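What follows is a short report on a single structure.
The model shown is predicted, which means the values in this text are computed figures rather than measured ones. The figures that follow rest on heavy atoms only: side chains count, while hydrogens, waters and symmetry mates do not.
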Amino acid sequence: MLPAQEAAKIYHTNYVRNARAVGVLWIVFSITFSVITVVVFIQPYWIGDSVNTPQAGYFGLFHYCIGNALTSELICKGSPLDFSSIPSGAFKTAMFFVGISMLLLVGSIVCFSLFFFCNAGSVYKICAWMQLASCTCMVIGCMIYPDGWDSEEVKRMCGQRTDKYTLGNCTVRWAYILAIISIMDSLILSFLAFSLGNRQDKLLPEDFQVEGKGEG
């Protein structure tokens with residue numbers, strides 16, 4: 001049987017190796033997820049036309065395009081810097097919360113630089129809280145967005161049967177689906193970050209730390 005100190009060193013080495021491997025994966029997935037959230041915010045493909053809609057077109061959080069009845073040419077409007085161009089108050093609110101969600105995730109990426117200056121466990125927990133807050137904002141944004149489907153612009157594309165939380169002849173597009181999926185992603189990443197933060201406090205067994213100090 002190995003001496004206790006030798007066993008502690010082997011345990012510590014394996015523990016650190018596993019924690020670092022999981023930490024690297026968490027960083028990679030966090031960066032990838034942040035890029036996806038930026039795409040979800042920018043892309044105007046939250047809802048769109050179908051074969052039964054009166055007009056062709058698609059809507060995002062702030063940008064939308066609707067076909068001209070005479071020429072079938074798409075006329076596009078909407079800007080995040082011009083609230084008056086956004087056709088619904090619910091769309092404006094959803095844009096605000098999804099935008100905050102995006103900024104929180106980008107902020108958590110910026111916080112990775114703190115690994116060079118601060119305790120790793122604290123950095124993990126800061127990022128975890130930011131990702132959890134991002135998840136909450138994304139949930140609110142996705143829940144509020146359908147409240148704007150009763151706007152005149154949406155009805156012009158989707159038909160008069162369209163109402164709040166009723167999409168009429170239109171269909172949900174990939175950006176909205178990706179936003180909903182991202183809620184679970186951010187929740188998983190935040191819990192993983194909390195777990196990694198707690199593990200940092202256990203990386204060095206107490207007896208191994210004492211021995212290391214004695215040898216120094």
Cys127/Cys111 sulfur gamma separation below 2.5 Å: no
Determine, stepwise, if the pair Tyr58 / Thr171 fulfils side-chain contact (heavy atoms from CB on, under 4.5 Å). CA-CA 9 Å; Tyr58 45 83; Thr171 58; over 6 Å; no
Does the side chain of Phe59 reach to within under 4.5 Å of the side chain of Ile66, using non-hydrogen atoms? yes
Do Tyr64 and Met157 touch side chain to side chain, with heavy atoms closer than 4.5 Å? no
Any chain of hydrophobic side-chain contacts (each under 4.5 Å) joining Ile188 to Ile31? no
Heavy atoms, side chains only, cut-off 4.5 Å: are Val154 and Pro87 in contact? no
For Trp26, the option from Phe112, Phe33, Phe194, Phe191 that meets ring pair (Phe, Tyr, Trp, His ring centres under 6.0 Å): Phe112
Which heavy atom of Thr53 sits nearest a heavy atom of Cys170, and at what distance? CG2-SG, 3.7 Å
With sequence neighbours left out, which residue pairs that include part of residues 44-57 fulfil the salt bridge (charged side-chain N to carboxylate O under 4.0 Å, His left out) condition? Asp49-Arg173
In Å, rounded to the nearest 0.5 Å, how long is the span from OG of Ser88 to CG of Leu61? 11.0 Å
Mind checking the CD-CG spacing from Gln55 to Asn169? Nearest 0.5 Å is all I need. 12.0 Å
For the side chain of Tyr165 and the backbone of Met143, is there at least one donor-acceptor N/O pair under 3.5 Å apart? yes
Looking only at non-hydrogen atoms, find the nearest pair between Thr162 and Thr166 and report the distance. CG2-O, 3.3 Å
Could you walk me through whether Ser30 and Gln131 pass side-chain contact (heavy atoms from CB on, under 4.5 Å), step by step? CA-CA 9 Å; Ser30 294; Gln131 289 175 340; 3.1 Å; yes
Have Asn52 and Ser50 got a donor and an acceptor in their side chains that come within less than 3.5 Å? no
d(Ile86 CD1, Lys77 NZ) to nearest 0.5 Å is 13.5 Å
Is any side-chain heavy atom of Ile183 less than 4.5 Å from a side-chain heavy atom of Leu187? no
Between Phe62 and Phe41, is the ring centroid distance below 6.0 Å? yes
In short, Ser85 meets Ser79 closest at the heavy-atom pair OG-N, 3.0 Å
Does any non-hydrogen side-chain atom of Met95 lie less than 4.5 Å from one of Pro80? yes
Atom CD1 of Ile75 and atom SG of Cys65: how far apart are they, to the nearest 0.5 Å? 9.5 Å
Verify ring-ring contact (aromatic ring centres under 6.0 Å, His included) between Tyr145 and Phe91, making sure each step is shown before the conclusion. CA-CA 6 Å; Tyr145 185 75; Phe91 286 1; 4.6 Å; yes
Atom pair CG (Leu132) and SG (Cys135), whose distance is rounded to the nearest 0.5 Å: 6.0 Å
Output the distance between atom CG (Leu178) and atom OG1 (Thr37), rounded to the nearest 0.5 Å. 8.0 Å
Decide yes or no on side-chain contact (heavy atoms from CB on, under 4.5 Å) for Phe97 and Met138, but give the supporting numbers first. CA-CA 6 Å; Phe97 280 106; Met138 186 64 77; over 6 Å; no
Any idea which heavy atoms bring Leu74 and Gly57 closest together, and the distance? CD2-CA, 4.0 Å
For His63 and Gly78, which heavy atoms make the closest approach, and how far apart are they? ND1-O, 3.3 Å
Is Trp46 close to Val98 at the side-chain level, that is, under 4.5 Å between some pair of heavy atoms? yes
Shortest non-hydrogen pair, Ile144 vs Ala90, comes out as CG2-O, 3.5 Å
Give me the ring orientation class for Tyr176 and Trp149: parallel if the planes are under 30° apart, tilted from 30 to 60°, perpendicular past 60°. perpendicular
May I ask you to decide if Cys137's main-chain N or O and Ser101's side chain share a donor-acceptor pair within less than 3.5 Å? no
